[in-house]
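Only heavy atoms go into these numbers, but all of them, side chains included; no hydrogens, no water, no symmetry mates. Chain letters run A, B, ... following the sequence lines, proteins first, then strands; residues in each count from 1.
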2 protein chains.
Amino acid sequence: MLSTGSTAQSNFAAVAMMKPQLETLDELFAAVPRETLDIGAGLFWEGDRAQHIFEVSEGVLRIFKIIGDGRRVITGFLYAGDMVGLTLRDVYLYSAEAVTPVKVRRLTKKAFQDAIEHSPELRPRLFALMCDEMAAAQDQMVLLSRKSAEERVCSFLMLTARRMQGDRQVGRTVQLPMSRQDMADYLGLTIETVSRTITKLIARGVIVPNGRHAFDIGKPGKLLALCGDGDSYEDIGERGAKTRQAVWPH
Amino acid sequence: MLSTGSTAQSNFAAVAMMKPQLETLDELFAAVPRETLDIGAGLFWEGDRAQHIFEVSEGVLRIFKIIGDGRRVITGFLYAGDMVGLTLRDVYLYSAEAVTPVKVRRLTKKAFQDAIEHSPELRPRLFALMCDEMAAAQDQMVLLSRKSAEERVCSFLMLTARRMQGDRQVGRTVQLPMSRQDMADYLGLTIETVSRTITKLIARGVIVPNGRHAFDIGKPGKLLALCGDGDSYEDIGERGAKTRQAVWPH
DNA sequence: CGAACCGTTGAAAGCATTCAACCTCGGTGG
DNA sequence: CCACCGAGGTTGAATGCTTTCAACGGTTCG
């Protein structure tokens, strides 16, 4: 499938000739022209033949699955720098749509695989990326499995705030480019519950509205405590001794 | 699928001769002695330094995270042939315990990485494995996000039945080695809800108890329809005028 | 200006949880 | 041998959080 031989034709060759030692996955896509997606436009659909790998270079994408009777589950939001469509299967397992105007670059799966296969630099980076994705997926399972509506919304605000850092996070502002419906479908709630929860957080001064799709974080410590992750940091909390089980003697 | 004692033997020979072309990830572990875990014993804990990669060669393991106030979320069950501890981070992101008596083999992370790095055969296999894991994680997000208690339990039964296939699935029997509490923590429900749901499924003849930790599937078609994945197959049930919303958004 | 979309708010209903009691089955010890 | 016990599992009733149904407010755009 992926030969190590010196038969490095394919469009990867062009890239390799210009700069034989790619060091980041970004650079892999650098030579490709950017494509534009309007708000709401689809990049690909669940079930489509998976022929390309994409890199988001601007904007926000939502990744989702739909089950039988129309229920939608958003499994993630992707920001600039994230990669989409990473799979070995022959079809995509989810759909991708633009939440905001989006710019992406695409590589054929084959080109991407060749590049990875030929670059000992890139492989650990790809591996790390997939590990991060798994970690995020597990955190999301925790959220969906055991967190209350308030904890879910607070976790989402914190996550998004963290993501924006270095990007455009001015002070303590969180940008939420997606609709309430998107948030609901990501958090496993209804649009009404999301709305009500946000209203309550505002009333308590935890967050301060700044337009409908941005909030200033009024009480960062409180917000963090309300995430329900309750590990360290919880200066505000009162919950007593935590029974951290003894380590297994083996 | 599993490496039995005898194949382990021959693989060991292959490795001993320094045969450079391993073809499956299984073989990587074949030369390593197996370790035994009693029921309930931990393999590693969330936060431990991640120094090893494990392969389950026998039994069932549960993977879980615990948040602040004792809430536990089981993110997966691992069966013979599955790998555990796959991460590039320096600490494990979850804990692993034995549900049944378990046998595992371990490789240091470094040894594993070296093997992968030197084997063009193995890399795509590892990649595929991680893709499968992501796919499973996303299915679980769908389950936790939008499925009813009944749909969750049925999905779990189907999943487990499928996993057992070829292994020890005799006829239409599903083995559930884990406790109801484990099931609840995996499905994002309480133990009582799991119990009640199972009772109802039995009453309807969808499943037939066969000891407390095994069920015969009385009505496979019905069970499948009740999973809520609602793609084809679901004409078996009665559930008359189900407002089958337009199928696909494109 | 009105229509459509998005978001908020209110009231009622529903599904899962919580609290509590009871059952069942192995294991144990008198 | 059998009574007792404890863990795991089941069942019942009440509570509660989120959902559902419905109406209203606000903003954007033709």
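In this entry the distance linking CZ of Arg212(A) with P of dG26(D) reads 10 Å, nearest Å. Nucleotide dT18(D) holds its P atom 12 Å from the CG atom of Leu143(A), rounded to whole Å. Taking atom CD1 on Ile198(B) and atom C1' on dG8(D), their separation rounds to 13 Å, with Å as the unit. Atom-to-atom, CD1 of Ile191(B) to P of dG8(D) comes out at 9 Å; the value is rounded to the nearest Å. We find that CG of Leu176(B) is positioned 17 Å from P of dG8(D), with the value rounded to whole Å. Residue Asp182(A) contributes atom CG, which lies 16 Å from atom P of dC5(C) at whole-angstrom precision. Atom CZ of Arg146(B) and atom P of dA16(C) are 14 Å apart (whole Å). As rounded to whole Å, 18 Å separates atom P of dC17(D) from atom CD of Glu192(A).
Evaluation of atom-type donor-acceptor distances gives no pair under 3.5 Å for the side chain of Glu150(B) against the base of dC15(C). Scanning atom types as modelled, no donor and acceptor separated by under 3.5 angstrom connect the side chain of Arg180(B) and the base of dT11(D). The base of dG7(C) does not come close enough to the side chain of Arg196(A) for any donor and acceptor atom to sit less than 3.5 Å apart.
Distance from the side chain of Thr199(B) is smallest to dT11(D) among dT11(D), dT17(C), dT8(C).
A salt bridge links Arg89(B) to Asp132(A): one of the charged nitrogens lies within less than 4.0 Å of a carboxylate oxygen. Taking a cutoff of 4.0 Å between a charged side-chain nitrogen and a carboxylate oxygen, Asp139(A) and Lys147(A) do not qualify as a salt bridge.
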task = For side chain to side chain contact (heavy atoms under 4.5 Å, CB included), just list the numbers for Ile198(A) and Arg180(A), CA-CA rounded to whole Å, side-chain angles, deciding distance to a tenth of an Å, and then say yes or no.
result = CA-CA 10 Å; Ile198(A) 288 177; Arg180(A) 296 286 191 268; 3.8 Å; yes
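Using a 4.0 Å cut-off, no side-chain N or O of Thr190(B) falls inside it from OP1 or OP2 of dA16(C). Between Ser195(B) and the phosphate of dG9(D), there is no side-chain N or O to OP1/OP2 separation shorter than 4.0 Å. The shortest distance between the side-chain N/O atoms of His213(B) and the OP1/OP2 oxygens of dG9(D) is below 4.0 Å.
By the 6.0 Å and 45° rule, Arg72(B) stacks over the aromatic ring of Phe64(B).
A centroid separation of 6.0 Å or more is found between the aromatic rings of Phe29(B) and Phe54(B).
Within the 4.0 angstrom heavy-atom criterion, only backbone atoms of the sugar-phosphate kind lie near Gly188(A); the bases stay farther away. Residue contacts for Leu189(A): at a heavy-atom cut-off of 4.0 Å it reaches the sugar-phosphate backbone alone, with no base atom in range. Among the heavy atoms of the strands lying under 4.0 Å from Thr193(A) is at least one base atom, whether or not backbone atoms are also near.
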